[in-house]
Number of protein chains: 2
Amino acid sequence: MKATIRDVAKLAGVSVATVSRVMNQNGYVNSETEQKVNRAMKQLQYVPNQMARGLAGKRTKTIALILPDISNPFFPGLARGVEDIAQNNGYTVILCNSDDLGVKERSYIEVLKKKYVDGIIFATNNLVQEDLERLEEAQIPFVMLDRAPDMKSGCVITVNNFGGAKAAVEHLLDAGCKKIAHIYGPKELVTARERLEGYEEVARKQPWYTPTLLVPGDFTIDGGVKAVEALLRNHPDVDGIFAGNDLMAVGALKALNRRGISVPGEVAVCGFDGVNLTEITQPELTTIAQPIYQIGELAAKKLIERIDQSSSHYETVELGVSLIVRDSTQKS
Amino acid sequence: MKATIRDVAKLAGVSVATVSRVMNQNGYVNSETEQKVNRAMKQLQYVPNQMARGLAGKRTKTIALILPDISNPFFPGLARGVEDIAQNNGYTVILCNSDDLGVKERSYIEVLKKKYVDGIIFATNNLVQEDLERLEEAQIPFVMLDRAPDMKSGCVITVNNFGGAKAAVEHLLDAGCKKIAHIYGPKELVTARERLEGYEEVARKQPWYTPTLLVPGDFTIDGGVKAVEALLRNHPDVDGIFAGNDLMAVGALKALNRRGISVPGEVAVCGFDGVNLTEITQPELTTIAQPIYQIGELAAKKLIERIDQSSSHYETVELGVSLIVRDSTQKS
DNA sequence: AATCGACATGTAACCGGTTACTATAAAAAT
DNA sequence: ATTTTTATAGTAACCGGTTACATGTCGATT
């Protein structure tokens with residue numbers, strides 16, 4: 001019913017090995033023979049069975065992207081970057097939502113091993129050293145985002161969180177803020193810690209600095225709302241807020257708005273990430289933008305590179321971030 | 001190096017067939033034998049090779065989700081619904097962004113065929129009858145969103161666009177609007193047409209109705225902005241806008257805001273879709289919410305049902321939508 | 001006693017590719 | 001003239017499962 005390589009071989013009057021050579025462009029094949037084979041393939045509408053290929057050749061042309069939750073506005077852009085590059089290179093992407101749960105991540109890894117994916121991109125942070133080592137053992141190339149584990153293989157892509165945070169606070173100072181608070185994300189996340197450190201680096205030198213200007217959020221909108229409410233109780237006079245990510249900045253905006261506090265008039269707000277959301281708030285949000293799409297692209301490129309050359313040396317790349325000034329910090 | 005079914009068989013002192021039976025829980029197996037096999041599997045850390053399974057058994061436990069663009073805020077929620085259900089049933093999801101381009105969709109279908117995915121969910125609308133027929137021929141179960149093509153197999157999931165649109169306009173009337181405009185999406189899309197029809201159904205009966213209250217948008221934020229600008233030139237006195245989707249509603253909000261027109265004070269705005277964005281605008285957007293996540297879940301459920309029972313009768317399901325009233329229509 | 005069906009397990013073909021190895025002719029090198 | 005090398009193509013094993021078919025046991029049925 002469905003044409004196989006043997007059907008093609010028969011029709012073209014050659015052996016299966018020759019057909020395989022034509023398909024994979026390897027080994028010696030006379031150009032006339034090649035024509036014959038190609039004609040036969042066309043005539044039979046031959047579609048090689050990837051599964052058989054994978055079984056025999058150990059390549060599935062499939063990579064996986066494990067992220068916490070595709071619904072989080074940070075990830076669709078990233079996923080898109082990954083998918084575009086993958087597609088350009090003949091790869092297909094399996095999407096996995098881990099909800100930042102180590103168990104789920106681990107269970108996904110098992111499934112992905114069974115499916116023989118060629119590589120994995122992790123945009124999550126819950127694997128322990130041991131899990132990564134198991135991956136190395138299994139010879140599965142991988143790329144991680146935002147995390148620099150201690151190992152010999154793998155590739156890590158990070159952004160300059162520290163520098164970005166510093167830039168954010170400096171920008172708020174430039175905008176005339178006299179007392180700047182920071183809503184930080186979960187301390188377990190390096191990104192959150194680095195941003196916090198960036199804030200402190202600049203803030204500590206200011207006369208108004210006091211540790212209670214640091215309030216915890218959890219990288220969600222609601223966390224931002226609550227953080228601001230708490231903040232205003234202690235510091236009714238803050239006039240600048242640097243949120244550890246855009247979602248919390250949006251929450252901050254909401255909370256301030258509810259309280260009737262004008263942004264940027266009374267309080268300036270700056271986020272971090274550069275997700276699309278920041279363009280639709282009122283006022284639009286100033287933010288430290290990560291090159292989200294490019295991170296995805298780069299992750300995919302690096303991974304495919306590793307797969308193709310089976311190179312596995314450890315490598316880390318840091319990308320820059322950029323301050324995007326919008327209305328939320330434009331005191332005029 | 002890596003354990004195969006034969007290794008397990010040898011260690012357990014049985015044949016490969018028996019091991020296979022134990023794995024797939026089919027055929028007769030003595031419970032003692034089963035224990036032995038299970039022990040052997042554990043001892044060797046045996047992980048069945050899905051590829052070999054797929055080759056032999058014709059099942060890959062993989063489905064694909066083809067959507068226009070995961071960056072569009074409508075889709076992450078949907079994708080999440082699909083993925084969750086898939087995961088619960090042991091399936092893995094391949095994500096494909098088609099940018100609403102027929103060519104890309106078709107090329108994806110080819111790739112997916114090669115990879116022997118067990119089924120496909122389409123959240124796009126650019127396939128012609130012929131493409132679908134080819135899928136039927138290839139015996140690949142599929143589920144489509146928002147579109148009812150004329151065929152014998154396949155499953156279609158839609159929402160009540162017409163009813164939702166009517167509800168939107170009625171709500172605007174209730175809110176006291178005296179002249180309601182509609183920004184409609186691309187006429188090629190059924191969803192856009194149905195919503196437009198819903199608007200007309202109600203609006204036509206109103207004294208203020210005139211065709212120039214219908215302005216084209218393209219389902220993007222920018223389209224919404226431009227539509228409102230055009231609208232205000234012809235009808236500076238509109239006091240209600242029903243946008244064909246949330247993105248355009250956000251655009252409308254932006255445009256009105258720029259013009260210094262207050263929402264909902266001077267103009268009330270209502271969107272359609274119920275994406276998260278609607279909760280972060282200022283004012284928050286009233287919208288007709290689709291059960292986005294549930295649509296994804298349902299699509300995945302229906303697809304898996306079809307795969308498992310290889311039932312292929314044509315089926316269509318319509319889900320309800322719900323009006324979510326927020327500030328953008330609360331003239332007080 | 002012969003027949004039958006439920007139970008248990010093994011053998012080997014098969015899925016559809018890849019590729020190591022072999023064979024042969026023609027061109028190049030010695 | 002002989003050896004090597006290069007170009008071309010075929011044979012068959014192999015990847016790691018699934019499963020049709022064969023074989024055999026044992027209690028139940030006739």
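In this text, all values refer to a predicted model and were calculated from it rather than measured experimentally. Order of the sequence lines sets the chain letters (A, B, ...), proteins ahead of strands, with each chain counted from 1.
- Atom CD of B/Gln35 is separated from atom P of C/dA8 by 13 Å (rounded to the nearest Å).
- Separating the CG atom of B/Asn30 from the C1' atom of D/dT25 is a distance of 12 Å, rounded to the nearest angstrom.
- Closest approach of B/Phe74 and B/Val275 over heavy atoms only: CA-CG1, 3.9 Å.
- Of the side-chain N and O atoms in B/Tyr28, one or more sit less than 4.0 angstrom from OP1 or OP2 of C/dC7.
- For the pair B/Asp99 and A/Arg80, the salt-bridge criterion is met [side-chain N within less than 4.0 Å of a carboxylate O].
- In this entry the distance linking CD of B/Glu32 with C1' of C/dT9 reads 14 Å, nearest Å.
- With respect to the salt-bridge test (charged N to carboxylate O, under 4.0 angstrom), the residues B/Glu130 and B/Arg134 qualify.
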Using a cut-off of 4.0 Å between protein heavy atoms and nucleotide atoms, how would you tag nucleotides 11-18 of chain C 5' to 3' with B, S and -?
BB--BBBB
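- Side-chain atoms of A/Pro76 and B/Phe75, non-hydrogen and from C-beta on, never get closer than 4.5 Å to each other.
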Expected list for residues 20-31 of chain A: side-chain donor-acceptor pairs under 3.5 angstrom, two or more places apart:
unit_1  : atom_1 : unit_2  : atom_2 : d
A/Ser20 : OG     : A/Asn24 : ND2    : 3.3
A/Asn24 : ND2    : A/Ser20 : O      : 2.9
A/Asn30 : OD1    : A/Glu32 : N      : 2.7

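- By the 4.0 Å N-to-carboxylate-O rule, B/Asp118 lies too far from B/Lys61 to be salt-bridged with it.
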